[in-house]
Amino acid sequence: MEFFLDNFWVIAALPLFASAFIAMFARSLRRNAWIVGAASMGVALLWSLAVLVAVAGHGEAGEAAANYLTTPVRHLVWADWAPFGPYRISLGLMVDNLTALMLVVVTLVSFAVQVYSQGYFEPSERRFTRFYAAINLFTLGMLGLVLADNLFLLLISWEIMGLCSYLLIGHWYEQEWPRYGQIKAFLTTRVGDIGLMLGIWMIFMVTRDLTWEGLAVKIPEAVQNPATAAMLALAAFFIFTGAIGKSAQFPLHVWLPDAMAGPTPGSAIIHAATMVAAGVYLVARSFMIFGNVPEWVLITVAFVGSFTSLFAASIATLRHDIKEVLAYSTISQLGYMIMAMGVGGWAAGNFHMVTHAFFKALLFLAAGSVIAAHHHNQLLHKMGGLRKKMPVTFITWMVGYLALVGFPGFSGFFSKDEVLLAAYTWQPEALAGVPWVAKLPFTMALITAFLTAYYMTRATYLAFFGEPRDQELYEHAHESPKVMTIPLVLLAIPAALSGWFWAALPYHFTHAEWMKSLEHFLHLPGLEHSVAFAQEATVTGMATTAGLLGIFVGWYLYAKVKPETRAAWIEAAKPLYTLIRNKYYVDEFYEMAIIRTTQAAARMIAWFDDHVVDGLVNLVGDIGVWFAEASAWFDRNVIDVLVVMWADISRAFGSVFRRLSTGYVQQYMVTFAAAVVACVVLFQVFS
Amino acid sequence: MSALTLLTRGESIAFLILALVALGSTYKMVTSRLITHAALFMALSFTAVAGVFLLLEAEFVAAIQILIYTGAITTMILFAIMLSGLAEIRKDRETRGPLWMKSDPLVLVVGGIFAAFMCYIYAAANLPEAITPESLPTVKAIGSALFTKYVIPFEVASILLLIAMVGAIILTAKEAE
Amino acid sequence: MPPINWTQAVNPNYIFLLPELIVVATALLVMIADFYVSQKRSLVWVSLAGIALALAGVWYGATDPAIRAAMEKGRPLEFFGNMMVADGFSFFLKAVFLGIAGMVILFSVDFVEKYLRGMYLEFYEILLASTLGMMIMVSSADLLNLYLGLELTSIASYVLAGVLRKDPKSNEAALKYFVFGAVASAVLLFGLSLVYGVTGTTHLGELVAAVRALLAGEAVGGMTTAAVPVLVTGMLLMVGGLGFKVAAVPFHLWAPDVYEGAPAPVTGFFSVGPKGAAVGAILRIFAAGLAVAGLAEKWVVIWAVLAVASMFVGNLTALVQTNIKRMMAYSSIAQAGYILVGVVAAGNLESALGSAAVLYYVMAYAITNLGIFAIISHMEQEGGWVTLDDYRGLAFRNPVYAWALMWFFVSLIGIPPTVGFFGKLFIFRAAVDAGYLWLAVLMAINSVISVGYYYNVVRAMFLEEPGHVSLHTSRGSMAAVVISCVGVLVAG
Amino acid sequence: MSLPIYFPLGLGALLFGIGLWGALTRTNAVRILMFIEIMLNGVNLNLVTFNRYYWAQTPESASLASIFTLFVMTVAAAEAAVGLAIILSISRTRGTVEVDKFTMLKG
Amino acid sequence: MFMEHALSWIVFTPLLFALVMLFVPKTKEKVLWWLAGIGSTIPLLLVLPLLANWYSTPASTEPWAEGMKFVERILWIKEIGVHYTLGVDGFGITMLALSCLLFPLSVLASYGYIKDRVKDYLILMLILMTGTNGVFVTLDFMLFYVFWEIVLLPMYFLIGIWGGPRREYAAIKFFLYTLIGSVIMLVGAIYLYVRTGVGTFNMLEMARATSGLPVDTLTTFAFFALLVGFAVKVPMFPLHTWLPDAHVEAPTPVSMLLAGILLKLGSYAMVRISHPWLPQVAQRYAGLLFFFGVVAVLYAAAAAMAQKDFKKQVAYSSVNHMGFFVMALAAASVLPPDLGQVALAGGYFVTIAHGLISPLFFFAVGMFYERTHTRELSKLGGMFLTVPVISFMTAFVAFANLGLPGLAGFIGEFITLTGTYPAFGLWVLVAGVGMVLTAAWHLLTMRDVLLGPAKKEYEGLPDVTWKEKLVFAPLAVLIVLFGVWPAPVLNILSQSIETLSQVLALIGGN
């Protein structure tokens with residue numbers, strides 16, 4: 001095991017090798033590229049597992065390197081990578097507990113996706129190798145991100161992932177939507193990146209260091225000075241904008257739904273499991289900054305996260321495209337993680353990141369399976385009853401579904417619970433005077449839990465239950481090949497079970513040293529939590545209730561209520577309340593009222609998203625174009641004209657002087673004499 | 001010494017007469033229509049100025065003035081006029097340019113203004129009284145200076161004349177067909 | 001009257017006079033040989049040999065131990081009744097003038113054969129006489145001698161301008177040159193008479209002493225400080241006369257007409273020869289004769305104004321010309337402006353760089369411009385091609401000429417590594433050193449403006465299709481072009 | 001010398017001025033040539049006057065103006081010769097000696 | 001013999017070959033191509049041993065070449081103290097190597113592209129090479145100026161004869177702009193020379209003398225005179241308008257050189273002359289310089305976005321990138337030396353990276369143009385489906401150009417702003433917006449040109465040729481290499497950067 005730990009860099013080297021190999025021998029590999037990719041990723045996965053075990057064997061991440069940083073277990077540094085004057089940007093890779101865990105997550109998802117994709121793509125697919133090269137490059141980026149021992153390398157990996165995201169969204173670039181989506185994704189995240197870079201510059205200015213270890217020492221010193229503390233707070237805020245962009249938080253979330261234009265396996269790994277979580281990872285990793293600077297930064301983080309989660313979940317309730325539902329769901333869940341970071345639930349946030357990676361990747365792949373079986377139809381209202389046709393897909397989907405809605409026992413239950421608990425116990429000093437404000441994130445998160453359950457139930461029902469709505473599509477639907485279902489199963493296992501690591505069962509029951517409770521495993525030095533059982537019970541109860549309620553509502557609305565009635569309700573709810581009031585069943589009346597309100601809110605938020613946020617983005621774009629044209633105009637018409645005018649003026653003067661030369665020699669002489677006389681006279685006058 | 005006594009001195013009277021002759025004949029150069037007449041008046045003007053040179057005790061200059069100017073140059077000009085039939089009559093007034101510039105008396109006016117201006121400068125310079133010369137330029141002194149100290153200019157002048165001759169030949173000779 | 005031993009005062013030194021004597025001898029030899037030699041073309045070689053000998057004479061004189069020793073002491077020897085002076089200045093310019101004459105002879109061979117029916121005698125004799133006048137001008141220590149040299153140059157120039165007697169343009173150029181020149185020299189002479197009147201001398205050395213004394217408040221032969229205005233007036237009138245010679249604005253108006261009308265080889269000669277001599281005279285009179293604190297400040301202003309006017313008017317007017325010779329006339333007016341910047345710099349008595357810069361520039365300009373005119377005259381003789389249109393596609397018709405012309409333009413603009421660049425560089429440095437940064441800046445701006453019209457030619461040559469048939473080369477002009485090309489590079 | 005120096009100097013300036021103006025305004029080339037001679041005459045008068053009044057202390061200096069004048073006259077003669085030759089030459093090709101007819105070269 | 005005068009050989013070998021080629025008849029094109037190829041490759045072969053021996057060669061301690069390596073010195077013009085002095089430091093050798101690399105590639109790229117007047121073309125190319133190499137190695141201002149101007153004419157003709165439809169306009173615009181700049185620069189230098197009375201034009205000795213001058217009107221004038229001369233070449237924001245025209249009209253290989261090397265003459269001259277000579281003035285006006293730099297970044301990005309011509313976009317991106325360099329230089333003038341070094345290293349790295357990337361980008365544009373005969377974005381499209389390899393190359397270089405990490409373009413820009421931020425604070429956000437816009441237009445252009453359905457009229461276009469691969473490969477390899485491992489470049493630069501940052505911070509040294 002120590003051998004694997006010592007050579008952990010191999011994990012990153014494997015996808016690099018695979019990517020380069022596939023790109024170079026694309027022509028001869030063709031369809032076989034998947035073998036290269038999957039094989040290398042399989043090795044990487046095993047290697048990561050070995051590393052994880054070895055790291056776990058090193059015990060609890062007890063001794064802190066400093067505030068908010070665990071001691072890396074292994075650390076490789078290429079010190080002389082980029083000497084910029086007296087400061088050297090080193091290229092370092094390190095492994096600590098969080099990293100070890102993330103390695104497994106990333107390699108597992110990547111492995112599953114690479115196996116799955118081979119079945120997903122049609123035989124006529126032209127850019128198969130391109131997809132594999134990009135996926136492997138992406139995996140390299142993500143691994144680099146989690147292994148990076150400094151902000152700079154993190155940024156590089158970050159951008160490489162951005163590139164791959166761009167490439168994968170635009171996979172079918174003959175069509176309009178992917179071309180639109182890829183640019184939107186790249187640019188929107190780029191806006192956040194600028195913030196991130198700015199944060200890095202500010203931090204460098206204060207500390208002259210970018211390594212985590214260095215920062216963990218220098219930031220606490222630097223915040224002693226109020227001025228630098230303020231600047232660092234600003235820096236932290238800017239770094240957070242990077243996370244907002246990458247993790248699709250409000251208000252930069254708009255790109256993620258459009259990122260669904262890419263092939264579904266790519267979406268699964270990039271836009272669900274890993275890359276979008278990089279923002280969360282960034283906040284988690286740089287907690288020595290967030291945790292030390294003035295509190296308002298973390299409060300901002302908490303509110304942005306919780307608001308996003310609610311906001312996105314409400315939108316998701318009305319989406320018709322299965323992938324879009326999942327996309328909004330992803331945004332919403334990312335909001336959870338961000339909120340967890342903001343409220344100090346560092347371990348909870350990371351935990352949710354891990355479980356979410358599993359179940360959301362699973363959901364996406366299952367959705368992909370459905371879509372592939374359905375001739376690339378993604379619309380929910382054309383599906384229905386698929387559970388009979390695609391049993392494996394259905395079961396795995398259900399695992400993911402239960403995990404997402406937080407059904408007790410599934411991974412999502414534990415992680416969501418922890419997140420909510422952290423939000424519940426959150427008591428920032430700055431908000432001590434207004435406790436209800438401090439409870440807002442929790443409240444919003446709880447509503448989100450309900451909404452999540454609702455829309456997932458709705459989607460599940462529409463896709464798998466009931467009668468087929470489009471008979472022709474239904475007839476052609478079939479279960480996916482093994483190469484697709486096996487990865488689903490592979491992912492379903494952790495999606496279902498990974499939560500139990502948190503539950504400390506292994507720890508409490510066996511006291512086994514090899515695997516501690518994840519809570520302890522992910523313990524961040526300097527961030528202490530003590531939670532009373534009563535609180536824990538309350539939160540669990542509330543969350544479970546909310547989830548179950550959501551499930552029920554969804555189930556009821558779609559399974560019990562006839563579509564015509566539902567339509568009628570919606571129709572009726574539209575103009576006036578009075579019609580709804582006149583409905584026969586009272587409880588249904590309540591339910592209806594809730595739906596109506598939710599729908600109205602969702603519509604409003606959707607409208608806001610479509611008009612205000614998108615409008616703002618478009619406006620910015622328009623201003624950019626206008627400005628661009630203005631400056632081009634300026635170039636053409638002012639600067640150039642000045643040059644030309646100058647030439648014209650010269651010529652005009654030339655013509656004037658030329659007129660002096662009339663050909664009459666006596667006029668010349670008059671000029672001559674006049675000039676001489678003028679000289680003489682002027683000199684007499686002036687001297 | 002009052003202005004009147006100055007003017008009534010013999011030298012002054014002689015000078016004024018000579019100057020008037022010079023000016024008058026120069027003015028006639030302007031006004032006479034025939035170019036040959038103008039040339040003759042030029043000769044007269046030169047002669048008058050030669051008289052002034054005599055007044056200034058520059059006998060040698062006066063002599064060569066008569067010889068070269070009155071004699072050689074005038075003759076040459078007259079010859080050229082006669083040979084080439086350039087002696088046609090033409091009123092300058094008919095020509096181009098502002099007419100007032102061509103008016104005859106204006107010549108005197110402008111000359112007068114120039115002279116007045118120069119005299120103003122001389123006066124402003126407060127030119128001293130004349131210094132009695134200790135020696136006068138005798139022909140002997142001039143001749144010996146010409147062949148000793150001024151030998152180079154002398155030679156140059158000779159080449160100048162040679163070139164003028166050759167140049168005149170080039171410019172006027174008929175083609176040796 | 002006591003007898004005076006004039007010979008003692010005269011101090012003849014014929015070694016110093018050697019170049020002049022050789023030139024005179026060559027001129028006479030040409031004249032005489034004309035009667036006996038049937039192969040007239042050989043007279044070219046005679047003339048060239050004479051010039052080479054004269055150049056050797058210059059070198060011989062410049063290395064004469066006595067003359068050298070005196071030069072190094074800073075008090076150059078004066079000969080022949082203090083009429084001539086032997087200093088580095090004169091030796092340098094003499095060599096330049098001899099070179100100019102040689103080049104002009106070289107590239108005018110065809111011209112003389114074709115248009116003058118082999119009148120080698122007259123043409124070369126007059127050319128040599130003009131050169132002699134220039135040499136006298138720059139080695140004079142006395143205004144009288146200088147005036148005579150100037151007149152010798154001028155009169156020979158009038159003849160040269162009109163040498164094509166059947167050509168109305170040539171006649172007209174000669175007449176204009178003559179009328180304007182005669183008036184200008186009269187004005188110069190009037191100024192000279194005033195200077196003489198105040199200082200009582202025409203010798204430059206004595207002139208300096210007298211002026212210095214006058215300004216210091218001492219009486220000079222009855223004249224007092226009050227007489228300085230007369231001196232200044234005389235000086236200004238001389239500025240007019242010399243300004244005419246160098247074709248400085250506003251005394252320049254004759255130049256374009258004369259340059260256009262005169263045959264191209266002669267124009268080439270005018271543009272560098274008499275102009276260079278006049279520059280030499282200006283330096284002699286002003287930077288040596290009137291270089292007295294209190295007076296220098298005054299004439300510096302005048303020359304600075306003329307320099308600026310010349311640069312701008314010359315360059316701007318050249319922009320709108322279509323006749324190459326006329327364009328080059330305006331170009332040479334502008335070049336006169338640059339030279340005058342150097343003269344202005346020479347007016348700062350503490351900074352000793354001006355004169356040397358001017359001399360170098362004259363040489364640079366001569367080398368370059370002669371090259372240009374070698375090509376222009378060849379073009380003119382081949383088909384009367386003198387307009388921009390006629391130069392279209394020259395790069396295809398005769399690439400050597402086109403590239404050479406381009407190269408000369410580069411030198412005139414002042415782009416390294418050409419001699420023109422170093423000329424400009426030295427003038428810049430002199431001007432800046434003398435405290436005339438603004439003049440240097442204006443000069444720099446002007447050298448950019450000048451690109452405009454050179455560019456017209458270059459564009460016509462390289463970027464447009466040829467309008468005429470291909471062009472033959474002649475040995476004479478080719479030799480001149482090659483010499484210039486190499487000179488432009490090597491001297492730089 | 002009792003004649004005030006302003007007299008001859010004034011005459012010289014007057015002659016010079018008249019000559020100059022004449023040369024500037026008269027169009028007949030020969031006449032212009034004559035006016036130029038007048039101008040030179042004015043110069044000569046200046047030279048001799050200054051010499052006689054102030055600078056005739058030694059035989060050497062006393063003869064300077066005379067010699068200068070001699071040379072000026074020589075030059076004037078040469079100029080006249082060449083000038084007349086040019087005028088003759090142009091009258092052959094153009095049939096006139098009026099200088100304002102000669103505007104072939106301009107611009 | 002060779003190693004002692006290696007720099008001279010590097011500079012003058014192309015000229016020698018050009019001279020030889022003068023006497024080769026123009027019908028023997030094959031011989032001419034070979035001669036040009038060899039003549040431009042020999043300097044590359046000569047520069048390699050210099051790089052190899054870089055660290056083992058001690059730097060000179062002579063006052064006229066302090067800190068320089070491989071120095072040579074011969075008296076040239078005694079009167080004004082001009083020596084033929086050669087020597088390189090980190091700034092020089094990197095640029096020299098870049099120039100020696102790009103010229104052979106450019107000659108190679110011309111092969112088959114240039115078809116008429118081949119002889120003239122190649123001779124001009126070699127003369128140009130002598131000029132640029134000379135600028136990078138000379139230590140004497142006069143010599144520098146000579147080489148600087150030698151560059152001007154060949155470039156003028158290369159654009160004016162072999163360029164596009166508006167070539168005359170573009171060529172003369174280029175010529176005039178640069179000439180105005182350079183004459184003013186000359187006056188400024190002469191002024192300093194005279195004012196200090198130092199008696200030599202040696203750059204280092206001049207710097208020692210001039211950096212002690214007070215900041216007054218005239219030194220300010222001199223500084224801006226120098227700066228304008230260099231800024232035109234760089235080109236700095238308000239003086240940049242010649243560049244898009246020149247690029248659009250120039251033939252592809254010439255564009256490569258123009259972007260790759262000619263612009264670097266300006267940036268090199270700034271770090272070698274204007275700033276070390278008058279650091280005190282530079283410090284006073286650093287804000288202004290920064291303003292121009294940052295505006296260039298934003299403005300050029302925006303302007304590029306609005307262009308409809310592919311090549312013009314790329315041209316504007318040069319302005320954009322060089323803006324980073326200007327910002328870095330401005331920042332280094334006001335920062336303490338340690339941070340100043342960061343800014344300088346970043347800024348200079350930008351120029352090097354740009355020297356590798358932009359030629360390649362122009363080459364890519366040229367490849368399209370050669371095949372489709374258009375550069376209009378609206379007429380291109382779907383190239384990935386038509387010519388996949390070329391499209392891949394283009395995409396690669398576009399990403400390098402927009403500053404993708406892992407490729408050389410990113411590191412310089414990032415480090416530049418890292419160093420600039422402490423000096424100018426949040427103003428760097430303007431540059432940040434510029435970076436977003438840059439990314440935006442690259443993506444939009446790629447969408448228009450490469451992506452989308454294949455166009456009928458371009459069906460059956462030939463894909464990449466061996467020649468094109470040969471041109472592409474070396475640069476691409478270097479872009480990746482320096483993107484993932486910048487240390488080789490930075491180590492060579494480090495000593496020079498340290499010295500310069502101290503000079504700019506007005507500390508010690510001189």
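All of these numbers come straight from a predicted model, not from anything done at the bench. Chain letters run A, B, ... following the sequence lines, proteins first, then strands; residues in each count from 1.
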(message) Check the orientation of C:F426 and C:F422. Use parallel for under 30°, tilted for 30 to 60°, and perpendicular for over 60°.
(response)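 Tilted: the ring planes of C:F426 and C:F422 meet at 30° to 60°.
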Less than 4.5 Å to any heavy atom of chain C: does that hold for the side chain of [X], its backbone, both, or neither?
X: E:F147; value: neither
X: E:L153; value: side chain
X: E:L186; value: side chain
X: E:R117; value: side chain

(request) Give a yes or no on whether the ring-centroid distance for E:F201 and E:Y145 is below 6.0 angstrom. (result)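 No, too far apart.
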(message) Quick check: E:W242 with E:F174 (ring centres under 6.0 Å apart)?
(response)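 Judged by ring-centre distance (under 6.0 Å), E:F174 and E:W242 do meet the cut-off.
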(request) Could you give me the CA-CA distance, side-chain angles and deciding distance for E:I161 and E:Y121, then say whether side-chain contact (heavy atoms from CB on, under 4.5 Å) is met? (result) CA-CA 9 Å; E:I161 296 180; E:Y121 178 86; over 6 Å; no
(request) Give a yes or no on whether the backbone of E:G199 and the side-chain of E:E205 come within a donor-acceptor separation of less than 3.5 Å. (result)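 It does not hold such a pair.
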(request) Answer yes or no: is there a donor N or O on one side and an acceptor on the other, between the side chain of E:S255 and the main chain of E:H247, under 3.5 Å? (result)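 Here the side-chain-to-backbone pair exists.
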(message) Just by distance, no angles: are the side chains of C:S331 and C:Y454 close enough, under 3.5 Å, to form a donor-acceptor pair?
(response)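 Result is yes, a qualifying pair exists.
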(request) Could you tell me which of E:Y191, E:F175, E:F157, E:Y193 has the largest number of non-hydrogen atom pairs under 4.5 Å with chain C? (result)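 Maximum pair count with chain C is reached by E:F157.
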Measuring heavy-atom distances to chain E, does [X] have an atom under 4.5 Å in its side chain, in its backbone, in both, or in neither?
X: C:L425; result: both
X: C:M406; result: side chain
X: C:A395; result: side chain
X: C:F462; result: both

